[in-house]
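Computed over heavy atoms, backbone and side chain alike; hydrogens, waters and symmetry mates excluded.
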Amino acid sequence: QVQLVESGGGLVQAGGSLRLACAASDRTFSNYVMGWFRQAPGKEREFVAAISWSGANTYYAASVKGRSTISRDNAKNTVYLQVNSLKPEDTAVYYCARNRFGRLTVRDSEYDYWGQGTQVTVSS
């Protein structure tokens, strides 16, 4: 059973930054595409970013592109999401997930393991 544990969320003022981390228990972590999603209150879960197994390729949602960076450290079985210039609309629970098909995809149905989420709240 793969376990994903997110951390790094919190309360931050608009314009600030956060770096989220997701630690995986799986020793095959480096073989998989990893993604970040978020879900705001009353809204559907949405894709944020994804990164290839090697870290060489990334893909971002338009809403965060240009102010976010997804990265990974395979030696530490950890994937990161840095979000800068935070806006109140970035407020959500952020989840990391493992993609089972090896594709940089926005479809949450293609991700098989999920973390419990970490809350990010951006005050105006």
Side-chain angles (χ1 to χ4, degrees):
Q1 185 76 4
V2 176
Q3 291 187 329
L4 301 174
V5 180
E6 300 96 337
S7 61
L11 175 64
V12 63
Q13 288 189 334
S17 300
L18 277 178
R19 189 191 194 205
L20 307 180
C22 171
S25 63
D26 185 12
R27 292 183 179 182
T28 63
F29 170 82
S30 61
N31 296 339
Y32 291 91
V33 167
M34 297 296 295
W36 284 95
F37 290 76
R38 67 186 183 186
Q39 187 167 21
K43 295 187 177 181
E44 293 187 355
R45 185 166 57 193
E46 65 174 1
F47 170 81
V48 176
I51 187 168
S52 62
W53 67 269
S54 67
N57 298 296
T58 57
Y59 184 70
Y60 297 92
S63 58
V64 301
K65 191 173 183 179
R67 59 187 183 95
S68 296
T69 302
I70 186 171
S71 60
R72 67 191 297 161
D73 185 339
N74 287 337
K76 296 182 178 180
N77 283 1
T78 302
V79 60
Y80 304 95
L81 179 69
Q82 173 84 29
V83 185
N84 302 319
S85 302
L86 281 160
K87 308 173 184 179
E89 51 263 45
D90 292 319
T91 295
V93 177
Y94 284 70
Y95 300 90
C96 69
R98 190 187 79 170
N99 185 281
R100 61 178 131 182
F101 296 126
R103 294 197 289 255
L104 295 177
T105 177
V106 306
R107 298 176 181 173
D108 58 3
S109 61
E110 296 196 15
Y111 293 79
D112 54 359
Y113 287 98
W114 295 79
Q116 83 290 346
T118 186
Q119 176 71 48
V120 172
T121 302
V122 184
S123 63
S124 57

Chemist: Identify the two heavy atoms, one from Val120 and one from Gly9, that lie closest to each other, and give their separation to 0.1 Å.
Modeler: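 Distance-wise, the nearest heavy atoms are CG2-CA, 4.1 Å.
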
Chemist: Return the SG to CD1 distance between Cys96 and Ile51, rounded to the nearest 0.5 Å.
Modeler: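 Going from the SG atom of Cys96 to the CD1 atom of Ile51 covers 12.5 Å.
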
Chemist: Atom CZ of residue position Arg100 - does it have more than 12 heavy atoms of other residues, nucleotides or ligands inside 6.0 Å?
Modeler: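 Counting other residues, nucleotides and ligands, CZ of Arg100 exceeds 12 neighbours.
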
Chemist: Between Val83 and Leu20, does a side chain to side chain contact (heavy atoms under 4.5 Å, CB included) hold up when you go through it step by step?
Modeler: CA-CA 8 Å; Val83 185; Leu20 307 180; 5.6 Å; no

Chemist: With a 4.5 Å limit on heavy-atom distance, are the side chains of Thr91 and Gln119 in contact?
Modeler: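 Sidechains of Gln119 and Thr91: in contact.
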
Chemist: Shortest non-hydrogen contact from Pro88 to Ser124?
Modeler: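 Between these two residues, the closest heavy atoms are CG-CB, 3.8 Å.
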
Chemist: Answer yes or no on whether Arg72 is positioned over the face of Phe29, meaning its NZ or CZ is under 6.0 Å from the six-membered ring centre and within 45° of the axis.
Modeler: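 Yes, Arg72 sits over the ring of Phe29.
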
Chemist: Any chance you could measure Phe47, atom CZ, to Ser63, atom OG, to the nearest 0.5 Å?
Modeler: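 Rounded to the nearest 0.5 Å, the CZ-OG separation comes out at 9.5 Å.
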
Chemist: With a 4.5 Å cut-off on side-chain heavy-atom distances among I, L, V, M, F, W and Y, is there a chain of contacts connecting Leu81 to Val122?
Modeler: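 As far as the 4.5 Å side-chain criterion goes, Val122 and Leu81 are connected within one cluster.
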
Chemist: So, the side chain of Gln116 versus the backbone of Val5: is there a donor-acceptor pair under 3.5 Å, distance only?
Modeler: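 Judged by distance alone, no pair lies under 3.5 Å.
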
Chemist: Determine whether Met34 and Leu4 make a side-chain contact, defined as any pair of heavy atoms from C-beta on separated by less than 4.5 Å.
Modeler: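 Met34 vs Leu4: side chains touch.
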
Chemist: Just wondering, do Arg45 and Trp114 contact through their side chains at under 4.5 Å, heavy atoms?
Modeler: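 In contact.
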
Chemist: Check whether any side-chain heavy atom of Tyr94 lies under 4.5 Å from a side-chain heavy atom of Thr118, and answer yes or no.
Modeler: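 In short, these two side chains touch, coming nearer than 4.5 Å.
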
Chemist: Is there side-chain contact between Val106 and Phe37, with heavy atoms separated by less than 4.5 Å?
Modeler: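 Side chain of Val106 against side chain of Phe37, heavy atoms only: no contact under 4.5 Å found.
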
Chemist: If you take all heavy atoms of Gly115 and Tyr95, which pair is closest and at what distance?
Modeler: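 Distance-wise, the nearest heavy atoms are O-CD2, 3.5 Å.
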
Chemist: Would a single hydrophobic cluster contain both Leu18 and Val48, if residues Ile, Leu, Val, Met, Phe, Trp and Tyr are joined by side-chain heavy-atom contacts under 4.5 Å?
Modeler: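 They do share one cluster, since a chain of ILVMFWY contacts under 4.5 Å joins Val48 to Leu18.
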
Chemist: Do Tyr32 and Tyr113 have ring centroids that are under 6.0 Å from one another?
Modeler: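 Ring centroids of Tyr113 and Tyr32 are no less than 6.0 Å from each other.
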
Chemist: Using side-chain heavy atoms (C-beta onward) and a distance below 4.5 Å, is Thr105 in contact with Asn99?
Modeler: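 With C-beta onward as the side chain, the pair touches.
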
Chemist: What are the two closest heavy atoms between Ala49 and Tyr60, and how far apart are they?
Modeler: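 Of all heavy-atom pairs spanning Ala49 and Tyr60, the closest is CB-CD2, 3.6 Å.
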
Chemist: Please check if the side chain of Gln13 supplies one atom and the backbone of Ser123 the other of a donor-acceptor pair under 3.5 Å.
Modeler: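 A pair under 3.5 Å: no.
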
Chemist: Can you check side chain to side chain contact (heavy atoms under 4.5 Å, CB included) on Tyr80 and Asp73, steps first, answer last?
Modeler: CA-CA 8 Å; Tyr80 304 95; Asp73 185 339; 4.1 Å; yes

Chemist: Looking only at non-hydrogen atoms, find the nearest pair between Val33 and Leu104 and report the distance.
Modeler: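 Looking at all heavy atoms of both residues, the closest pair is CG1-CD2, 3.7 Å.
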
Chemist: Write down the atom of Ser30, the atom of Trp53, and the distance for their closest heavy-atom approach.
Modeler: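 Heavy atoms of Ser30 and Trp53 come nearest at O-CB, 3.1 Å.
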
Chemist: Once rounded to the nearest 0.5 Å, what's the spacing between atom CD1 of Ile70 and atom OG of Ser52?
Modeler: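 Spacing of CD1 (Ile70) from OG (Ser52) equals 9.5 Å.
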
Chemist: Please assess Val64 against Arg38 for the test side chain to side chain contact (heavy atoms under 4.5 Å, CB included), listing each intermediate value before the final yes or no.
Modeler: CA-CA 11 Å; Val64 301; Arg38 67 186 183 186; 3.9 Å; yes

Chemist: Do Asp90 and Arg67 have side chains that approach each other closer than 4.5 Å (heavy atoms only, starting at C-beta)?
Modeler: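 Of all side-chain heavy-atom pairs linking Arg67 with Asp90, at least one is under 4.5 Å.
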
Chemist: Can you check whether Asn77 reaches Asp26 side chain to side chain, under 4.5 Å on heavy atoms?
Modeler: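 Answer no - side chains too far apart.
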
